[in-house]
Every structure is written in C-alpha cells, then in structure tokens.
Amino acid sequence: MTLEDSRAYFQFLANMGLTKHLGSMQATRELLDLCHIGREAGQVVLDVGCGVGATPVYLAKRYDVRVVAVDLLAGMVRQARARAKYAKEEKVAERIAFTAADARVLPFEDGVFDAVITESVNVFFDDKEQAIREYARVTKPGGYVGLTEMTWMTTPSSASAAYYKRTVYADTLEAKAWETLLKRAGLQEIVAHAHDVDMTEEGRGRLQRYGCRGFLRVLGNFFVMILKDRASRAFLGDVMTTIPKDIMKDMGYGIYVGRKSSA
Ligand SMILES: C[S@@+](CC[C@H](N)C(=O)[O-])C[C@H]1O[C@@H](n2cnc3c(N)ncnc32)[C@H](O)[C@@H]1O
C-alpha cells in the first residue's frame, strides 16, 4: 500500500467538495484547545492536509491567528482558497496562506510555527513517525504538535482492519501506538484522549462545518458524480456493501498532542 493508492480516495473527496475527520467539530475544538491556540495573540498555526479548508477558515474566523494550510492535492488547495475567499467575515482570506505541499517534506524552515495540527492525515502514511518528526521540526521550541486520528478502541477484527486498508487505504492504530509515535518524534507532555464515535454528533458536526448551503452543494456534487462517473459508483458500491458488521464498535478517534522542548 502506498500513498499513490489513496490519491484516488482523496480525489473522490475533492470532487465532492467535502473532507472530514471522525469527531468533526468537537474534535477540532478539543485539538485546538489542547494545542493552546488562542491563548496568545498573533500565533502562527500550520494545518497539514487541510482538505477543502474548513479548519483553516474556522481558525481564522475564531482566533487572532495567522494560518498556513497545506495539502498534497492542488485541487484541495484550490477549494480551500475559494472557501476562505467567500467567508463572510472580513480579513479571513488575508490571514490564511494556502500552498500545495507534502506533509513528509514540508517546505518550511525549522521552528517557525506555534502549533502544527493535522486531522485524519497520518493514518494514510506508511512511515507515520517520519511525518510527525517533520511537524516537530517546523514547530517553535515550546510549541505544540496535535493530531486527530482514527483510532482502534479495541484490537480490531481482521475484517475491520482489512476493510479500511482496502477501501480508503487507512492504516489505523490503537491509542497507545499513536502516543508512542509522538514520543519517538521527541515530543513531551503528551496528552492522548480517545473517544467513541457518536453518529448524531458526526452529522451535526458536518452541518456546522459546511453550513446548510454548503452541505446541499456537497450532496449535489455527490449525486452528479454517482450518475456520471462509473469509477465513483464502483468505489461507493464497494465501500457500502462490504462494511463489516461491527466496524463502529472497533473504531473511534483520538486527539494526540505533544509539546516541543523549549530548550
Ligand atoms: C481525510 S482528508 C482530511 C482533510 C482535513 N484535514 C479535514 O479534516 O477535513 C485527508 C487529507 O490529507 C491530504 N493528504 C494526504 N496525504 C498527504 C500528504 N502526504 N501531504 C499533505 N496532505 C496530504 C489529502 O489530500 C486530504 O485532503
């Protein structure tokens, strides 16, 4: 399994105009709080794997921060930039810089960000530790690295693990393993909070992230794709018809935050 495999899934999300992570807005709020975002004015925050830009826009609306947001796919970056441009609030777009970049080789100098966040990105990497080391490298001494990631709440059945690998190429870990990766990247003061998935909250959170009109647009894109594109139809058919029965019993999400030494 390589990242090349998962590009088809990311392209499917980009065409739909929706990206997501388990825990939705609740997880985003918890992640930002644990990364101490908003505790001082003028912080600079990097969002890696920003997708269609919902979190960068939320950050720029809600906090006195500057945001840098990167994604591997140019199509995601385009959509994210448009989302910021059409935000009703003044000055949102001018406080966010978007660029296409690979999480594993970030085009930034050492120690420039107060916090680096990623939401449902590292689960797709074979070498997760390398990516987390890269986030730590670009974080200022004393700054925070925070991840929200799919997390096995119990050791998964082989059917559940195989399902995620085969359909969306996600290689999920248990909470302890995510925590260990942060420690191995040299981060300290690790906080790890694992949560079960609440489907009502997932729906509510997505509505909050995209708004009613945004959500209707996504639905429209979705139906056009399904009607017109045979590959999307096949992908969705496979995802929907092969779900293992107990999958949501095994699957949750976790927020993992570590601090870079200030020395
Ligand atoms: C499941 S989506 C989550 C997007 C966003 N964080 C959110 O919560 O809506 C995963 C995102 O990671 C991006 N991605 C995957 N591999 C990447 C890499 N090597 N570098 C940067 N972004 C990457 C994908 O293009 C996609 O936008």
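Ligands are counted one by one from 1 in listed order, and the atoms in each one are counted from 1 as well.
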Go through ligand 1 atom by atom and flag the ones less than 4.0 Å from a non-hydrogen atom of [X].
X: Val121; result: 12 (O)
X: Asp102; result: 18 (C), 19 (N), 20 (N)
X: Thr19; result: 4 (C), 5 (C), 7 (C), 9 (O)
X: Arg209; result: 7 (C), 8 (O), 9 (O)

Problem - NZ or CZ of Arg104 within 45° of Phe125 ring axis and under 6.0 Å - result: yes
Problem - Distance-only N or O hit between ligand 1 and Gly49, under 3.5 Å - result: yes
Exercise for the section: Looking only at distances, please establish whether an N/O atom of ligand 1 is found under 3.5 Å from an N/O atom of Leu72. Expected result: yes
Exercise for the section: Please name all residues satisfying side-chain contact (heavy atoms from CB on, under 4.5 Å) with Val224, sequence neighbours left out, ordered by chain then number. Expected result: Lys228
Exercise for the section: Would you mind checking if Glu179 and Lys176 are paired as a salt bridge, meaning a charged N to carboxylate O distance below 4.0 Å? Expected result: yes
Practice task
Before accepting this row, confirm whether a basic side-chain N of the pair Asp171/Lys165 lies closer than 4.0 Å to the acidic partner's carboxylate O.
Solution key: yes
Between [options], which one has a non-hydrogen atom sitting closest to [atom]?
atom: atom 16 (N) of ligand 1; options: Phe125, Tyr210, Tyr169; result: Phe125
atom: atom 18 (C) of ligand 1; options: Gly23, Ala69, Ala27, Ala103; result: Ala103
atom: atom 8 (O) of ligand 1; options: Gln11, His21, Met150; result: His21
atom: atom 1 (C) of ligand 1; options: Gly75, Pro56, Ser120; result: Ser120

Handout entry: Side chains of Lys260 and Val145 in contact at under 4.5 Å (non-hydrogen atoms)
Key = no
[X]: heavy atom below 4.0 Å from ligand 1, yes or no?
X: Val70; value: no
X: Ala101; value: yes
X: Val48; value: no

Fill in the blank from the handout: Sorted by chain and number, sequence neighbours left out, salt bridge (charged side-chain N to carboxylate O under 4.0 Å, His left out) with Asp114 holds for Lys140
Practice task
Measure Glu119 to ligand 1 on non-hydrogen atoms and call it side chain, backbone, both or neither using the 4.0 Å cut-off.
Solution key: both
Practice task
For Gln11 and Leu73, work out which heavy atoms get closest and say how close.
Solution key: OE1-CD2, 3.5 Å
Handout entry: Donor-acceptor side-chain pairing of Ser160 and Asp250 below 3.5 angstrom
Key = yes
Practice task
Could you state whether Tyr9 and Met16 fall into the same hydrophobic cluster, counting links through intermediate Ile, Leu, Val, Met, Phe, Trp or Tyr residues with side-chain heavy atoms under 4.5 angstrom apart?
Solution key: yes
